[in-house]
Each structure stands twice: as C-alpha cells, then as structure tokens.
Amino acid sequence: MDNLLDHLNEQQREAVEYINGPSLIIAGAGSGKTRVLTYKIAYLLQQGYMPHSILALTFTNKAAREMKERIAEIIGWKYARYLWMGTFHSVFSRILRTEAGKIGFNSSFTIFDSADSRNMIKTIIKQYQLDDKIYKPARVQAMISNAKNALISPQMYAQNKELLEYDQRSKMPVLKDIYRDYNNRLKASNTMDFDDLLFYTNVLFRDHPDVLKSYQERYQFILVDEYQDTNFAQYLVVKQLADAHHRVCVVGDDAQSIYSFRGANIDNILKFKEVYPESKLFKLEQNYRSTQNIVNAANSLIQQNREQIKKTIYSKNDEGERIEVESAYSDILEGEIVSNKIWDIRREKKASYSDFVILYRTNAQSRIFEEALRKKNIPYRIYGGLSFYQRKEIKDVIAYFRMVVNPYDEEAFRRIINFPTRGIGDTTLNKIAAAARAHNVSLWEIIGDSLGYNLNVNAGTAKKLSAFRELIESFIARLQELSAYDLASRIVKQSGIATEAYQDQTPEGMSRQENLQELLGGIHEFCESRREEGLGGIGLMDFLSEVSLLSDQDTDKEADKEKVTMMTVHASKGLEFKNVFVVGLEEDLFPSSMAKNEFRGLEEERRLFYVAITRAKEYCMITYAKSRFRNGQINASNPSRFLRDIDTCYLNVIGGGFGVLNRPETYTNDLHDYTNTLRTSYPESPVTQRQPIAPHQEAGFPPASPRSNFVNARNATPRASAGVNSGEVQVGAVIKHERFGVGKVTAVTGDPDSRKATVEFENSGVKQLLLKFARFEVVG
DNA sequence: TCGTTCTGAGTTTTT
DNA sequence: CTCAGAACGA
C-alpha cells in the first residue's frame, strides 16, 4: 500500500492525521468529506487500531455501505468487514438486542415504523375519546418523538411544569397520558419505535455503568458522519461512549443542517468545542464539485445566516456561468421554462438527461413538472412518495413476519388479524383490545386464552380466533429450523396472501404481485449472501431486524440513466448534478410559510436553499412563479426573500428583477418579534437550551433595500398581458372563465394589488378569483 | 363487511 | 385540486 496521505489535499490530510484527541471536521459542500472519512479510518487501521475497535456512525445505510466499500478498496475486505459501521439506529439496535433483558425487553423485539407509531397513537386518542382535530395524530407523534429525542421519559414529562403548561396552552392537556400509554403499549408489545432505539440505549448506559464501560472499551475510536443532523439522544450516546478516551471525530457541515424538524440540533456541531475544549477544528474548504460562480453565489447566500461556523469555501474549477434566475407568470409556465431549458441544454451541450435535476421544496410541486416534461417527451424519474417497504402489500407480509418473530407486536396483530379477510371485524378486535387493556396483556395473549380473559365472543368467532392463532403458531414452530426465505415463502402461501394476490388481475394487482415477488427475491438474496459470507444469521428474525431499519433513501438514486431526476431539496442532500433547477422560489413556499416566523426556522430554510444550489456542478437555474395553483385555488405569489440574499454579480436575472414586486406588506410582517414565537415545537432539553434571541440582533435578512442591479428598466414596465386580465370588473358583471364557464360577479374585495372577485358560476359553484391572474372575459 | 359518496386538510421526513 | 379517512347505505 502506497502512502495513503498522498491522495489528499493539505486540509484533508491534517484532518486525517490527527487521531490523538477529539476533532471536528467542517466539511463544506463538495469538499471530499467521504474521502476524508474513509481515509481516516484506513489511516487508523494503518496506525494499529483493530477494525472491531472502530465505530463509525452514519444516518443512512447507504452511506455506511458506501463508506465500507471504499475502505475495503483501500485496505481490503479482510479488515473492513469487522468495522462497526452503520446507522445510529442499526448499531444501537444491535446493542439493545444483546442487552435487551437489562431494560425490560426481549431480544426479539420488533420495530415500529412511523406509520405503526401513528396508528397506535390514533388508537389511543380514540380510546380517550379525544377530538383528533385537536389531538392531531401526526402532531402528537411529533411531540412524543421530540420528547424522546430530548430524553424526556413519560414520568419526567408528567413532572415538567413547562411542558404541561405548554400543553395546556395548546389545548392538549392529556398529552402526557397519551405519551405514557403509548410507551406502555410499546413495551407490552415488546416493540420499539425509531426514537426508542436511541432512547433506550441511553437508558441502558445510564442504568448499567458496567455495560457502558464494556462498550467504551470496545470502541477505541468513534467517528460520526453528518454530525449537524444529530439530536440530543444521539449526541449523548456518542459523548458517553467517548467519555473514557475522547477519541472521537465528528464530520459535518453546519451550513447543511436541514433536519431540525426531525429533532436534529444544530447546537451539537456549533458547540462541539464547548463539550471538548481540547478538540481540534479542521475545515475542508475547497469545493471540488462546482464552478466558482456557483460556490460564490452559495457563499453569498449563506452569509446571511447569523448562526454558523466561519469558513471560506472556494473553488478552483472554472469560473462557469452565472446562475440564471427567471420568473414565470404561473406555475404551469414555470414548468415550461424549465423543460425548455432542459431541452436546449441537452442539445447544446450534448448532455444526458441524467445530468439534470429539478429540486423543489414540496413534493406537491412535482406534478406540474411531470406534465411539462411529458409534453416534450423528456423521460424523468421522481424520487419521493411511498418507499418499497411502505407499500401496503409489503407491510402486510412484513406484519406476518413480525408476528412470527414477536407475537406480542400489537400493530402487526391489528394489521393481519383480518388480512386476508377471515371474518374478524372491528367489533371483535375492539373486544380483544379492551380485554387486553383490562388485563394489561397483549392482544396475542387474549386470543391465546379467550375463555380465561372472559372474551365475550360467539362460538364462531372464537373458532376463527383460534384458527388464526394456530396459523401463527405453526410458523413460530419453524422459526428456528427454516431459513428466512423458506419460512417467508411458507407464510405467503399458507396465510392466503398469495391466493388473494393472484385473484386480482387488475394492473394494480399485477404490480402488487410483482412487489411480493421482489420481496421474496430480496429475502432469498439476503439468505444466499449471508450463507456465502459465512456470517450466519439467515433466519427470519435476522432478516426482519435488518429490513426494519431500511428506507428508500438506501436505494441508489443515480441508478436510472437517461432520465431527468425530480426530488425535494431534502432528498438531494449529498448528491450532485451537472445541471440543477431550483424551482418555486416564492414566499410561503420557499421559505415555507411554516418556518418563516421563527428565526431558526428561517435560517434553516436558507440552508436548505444553500443545499439546493450546491448540488450543481456546472449550471444552475432558479425559477419562481407569480401565481400558483394551491389547494384548489390560484394564489398570487411573491418572489422569495432568498433571491435577494445572493449577490447579483453571480446572477443573470432573465426578464427583469424581483426586487420591487409586491414587496412592502410581505416583508414588514415578517420582522415581528421572534422571542414570542421561539418555539412551535418542543422546548429543548436543558443541556441544549437555546438563548432567546435579542430583538435587535435579528436582522438576519434585510428588509427591503433592493440591490441596485435589480431595479432595471424592465421592472418599470407594466406587467405583460399573456392571457392575464388587467383587473377591472364590477359587481354584477357576467364573465366567462376558461374552465369554470359563465358566472356572475357578486363581490369584489381586497387591496388594489390583489383584488379578488367572488363569482357564482352556473356550473362550477362559487369561486374566488384573483383578478390579476384569472383568465376570463367579461360578457355582460 | 363491503363499496360508495362526502368532507376536510394540505412542508420537509436520513431511521 | 387531490388524496385519505369518515360516514353512510346496502
């Protein structure tokens, strides 16, 4: 092996070589972060560390897999295979399975995905007879998740005055009880949700110092990827593991912290130095990905953020083209602009479709681009939506697996008790659930002894229940002797899933069959590859524990050649494309209306925009629409404030600026006092408590002082006509609308800039039309 | 227990 | 608008 360090630039080399204490590596976008991590691990091995004494934590299985592969390329699988490398969740779940007994679980515990959690929360809300308009399951779920991520147990929660008062104010006083019940039922089900994997690891280490000690000794060096996305629970586990030796290296980019809504706490990276005063800070500042223009533009944007670690990202690549900014009159026209541009660039540069990506803030925006691309016969691929494992037919089968591995799993039980249909309906299920609650046992135990638990069902139902139980038991009996594949095939056949699937000959039904086939194929592959590697563990339980922590993020996003990619900005993190289109740069969309009232929320949105731009290697275009169809209505939209954060010398603003459009009311509103709205989500754990932001410091974004370049001649011209009305309509007028037909104007409201007409259409009912944009003619 | 109509809500989502 | 979940009827 030649000298590893020769493959690195100076900054990278220093970061790799420093192994005698804690270090923070700030890795700017495109700066070779993965390279540094892999070389650092290889270097550690070269310096005499044993592979099994190195722990490397990532956020996705894909990241872990890729890193392991690259390390194997350098030093060979012989060593790489023994590295402790995986996601927080998978590594912790392995630890928890070995130590399950110590925290009151059985090692065969199964894992709830987010949908399972939400379903259980729904059930509890129903059971309390609460209004799910107030106790919105998703919201309750988020609250519980935040509590767990901050390591607040149900008991602590119920004693925390601040939290209780907060719940009072948000009209959810029984949240604490829901949280308690939810947790109890998870425990009774021998299940953990994603957050529990982190939570209970902390509990384990807190209550069992000897266990902690053994892991501290095992992991002699700890590395963490994407450290800016860690939450409190993750931070604390890492800290505890590293406490004995402080040999910890975290890598991340505070400028790319975009997951706070999942509990990520940017303070972890910002305050690393406070936790480890002796730590070294390394900065990877050379961007190898993008042109100078793109890097500089992105820099000028992110400079508007107040909370960040100082760094100067630079590029030595070509200067490149300016970022193009173009507005469209409507969302549909925005789609056309983008598809035209893709068409042109592809022809001019002989680019492949796979060199293009369209990035949007919300999934709902994809539709219009789909249509625009389809019109031009441009092939595309959308990422997002349901992942393979979230599809109903897959979840159903997985629920059987879960039931077999862990029959106490309540959500799995509910899912399959009547699937395929076996005449056990809601009534019976409710009886079972009530009995389970009354006796504080799982649903499975109730049907195991329905007489003993006084289950009030008729003889027919009782028979069906015992048939179900015997079916599951017959699978359980084979759990040890059969491989995952053999048992899974058996389950699919004998449960009636196969029969049911093959009866459905509709196209959707066929696709479901294919998915089932694919699942079984995947299990087969799982067993085969494990057998080949001689790793053992080819049972259903092994498969399940792996598959429960997989997500679609783990599937390869560049696999599809010759297709334009479309995805949310979030999903694009870590990827790169030659040509990037960032679309929908409008107030209330990007930044999202939900985030704009909070200082930190707004800065996060700006980071999100930063992530979007820095995906581009060569060319970047930013678009926005002046009107957008949202929630069944056409709404006027204003250009995003972020557009004015980018220094105009890196921009080419097509067809006029965005500096003076409809501004005043939008921007003045946004400057209100943030201290009152500091949190819409949960208060943080004491360790990471934020300082309130002093009002005078808040000008993270300037109010309206448009940079001079934007005020060009085009701005002064009246808005073009392009099928848009000039806006003069009187009450009583009869109009003819393109889509809604003929109708009568019954009211005209709103300020001059956004006048709305209420129109009673003959066939389409009453609509509100924004006169500026509505397409109609006055007929009487 | 099933299809149907109706109502209402509507970011982002690494595990 | 579009989708999911509730409500309703058979």
Side-chain angles (χ1 to χ4, degrees), chain A residues 57-64 86-93 111-119 122 126 132-133 136-139 141-142 145 148-149 192-199 225-226 228-231 233-234 256-264 331 359-365 367-368 383-387 389-390 418 421-428 545-555 557 567-575 584 588-596 601 604-605 607-609 611-612 628-635 680 739 764 767:
Chain A
L57 296 167
T58 64
F59 275 88
T60 64
N61 292 291
K62 187 182 162 208
T87 64
F88 281 91
H89 292 82
S90 70
V91 170
F92 293 0
S93 74
I111 294 168
F112 270 20
D113 68 15
S114 317
D116 297 320
S117 302
R118 193 154 55 249
N119 285 338
K122 271 187 201 163
K126 266 209 193 109
D132 64 1
K133 299 270 153 43
K136 290 182 185 152
R139 179 117 193 264
Q141 188 183 23
S145 175
K148 287 188 179 182
N149 288 158
M192 292 199 196
D193 65 18
F194 289 139
D195 302 316
D196 284 340
L197 295 172
L198 312 177
F199 187 95
D225 190 16
E226 307 279 17
Q228 76 280 355
D229 291 333
T230 50
N231 61 34
Q234 289 162 325
Q256 295 186 64
S257 162
I258 55 172
Y259 281 104
S260 74
F261 67 92
R262 303 271 299 132
D331 45 4
L359 301 178
Y360 33 75
R361 178 67 244 264
T362 66
N363 280 312
Q365 287 165 262
R367 248 195 142 80
I368 284 167
Y383 289 93
L386 276 194
S387 78
Y389 293 103
Q390 288 170 337
N418 198 30
T421 336
R422 49 174 73 85
I424 304 173
D426 279 349
T427 324
T428 309
S545 61
E546 189 143 305
V547 93
S548 307
L549 297 170
L550 278 184
S551 76
D552 63 331
Q553 288 299 123
D554 297 325
T555 55
K557 286 192 176 161
M567 58 172 82
T568 62
V569 183
H570 280 95
S572 77
K573 202 174 79 168
L575 305 177
D588 291 341
L589 182 60
F590 202 167
S592 145
S593 56
M594 310 290 222
K596 69 173 183 187
E604 177 155 321
E605 294 282 309
R607 291 193 293 268
L608 194 56
F609 189 28
V611 167
R628 182 172 293 280
F629 208 76
R630 270 226 267 187
N631 308 338
Q633 266 199 331
I634 297 175
N635 293 111
T680 42
R739 273 178 302 128
S764 331
K767 306 272 176 201

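Keep in mind that the numbers below use all heavy atoms, side chains included, and drop hydrogens, waters and symmetry copies. The sequence lines fix the lettering, A, B, ..., with proteins before strands; numbering per chain opens at 1.
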*For A:L589, what residues pass the side chain to side chain contact (heavy atoms under 4.5 Å, CB included) criterion, not counting sequence neighbours?*
A:T362, A:Q365, A:E586, A:R628, A:R630
*Would you mind classifying the nucleic acid contact of A:N418 as base, sugar-phosphate or nothing, using non-hydrogen atoms under 4.0 angstrom?*
sugar-phosphate
*Within this structure, what is the CG-to-C1' distance between A:L198 and B:dT14, rounded to whole angstrom?*
12 Å
*asked:* Both A:Q228 and A:I424 contact DNA chain B. Taking the nearest nucleotide for each, which residue is further toward the 5' end?
replied: A:I424
_From OH (A:Y389) to CG (A:D113), nearest 0.5 Å_ = 12.5 Å
*With nearest nucleotides of DNA chain B determined for A:T427 and A:L197 from heavy-atom distances, which residue corresponds to the more 5′ nucleotide?*
A:T427
_Exam field: side chain A:T60 to backbone A:A63, donor-acceptor pair closer than 3.5 Å_ = yes
*What integer distance in Å separates A:E226:CD from B:dT13:C1'?*
15 Å
*Aromatic rings A:F88 and A:F59: how do their planes relate, parallel, tilted or perpendicular, breaks at 30° and 60°?*
tilted
*Using atom P of each nucleotide, how far apart are C:dG5 and B:dT12 to the nearest Å?*
16 Å
Interface polar pairs with nucleotides 8-12 of chain B, N/O, under 3.5 angstrom:
residue: B:dT12; atom: OP1; partner: A:N363; partner atom: N; Å: 3.0
residue: B:dT12; atom: O4'; partner: A:R361; partner atom: NH2; Å: 3.0
residue: B:dT12; atom: N1; partner: A:R361; partner atom: NH2; Å: 3.4
residue: B:dT12; atom: O2; partner: A:R361; partner atom: NH2; Å: 2.3

*Atom CZ of A:R118 and atom P of C:dA4: how far apart are they, to the nearest Å?*
12 Å
*Could you list the residues that satisfy salt bridge (charged side-chain N to carboxylate O under 4.0 Å, His left out) with A:D229, not counting sequence neighbours?*
A:K573
*What is the distance from CG of A:D132 to P of C:dA6, rounded to the nearest Å?*
7 Å
*Could you check how far CD of A:Q390 sits from C1' of B:dT13, rounded to whole Å?*
9 Å
*Say whether, by atom type as modelled, one donor and one acceptor occur between the side chain of A:D193 and the main chain of A:F112 under 3.5 angstrom.*
no
*Verify the contact: side-chain N or O of A:R367 to OP1 or OP2 of C:dC3, cut-off strictly under 4.0 Å; return yes or no.*
yes
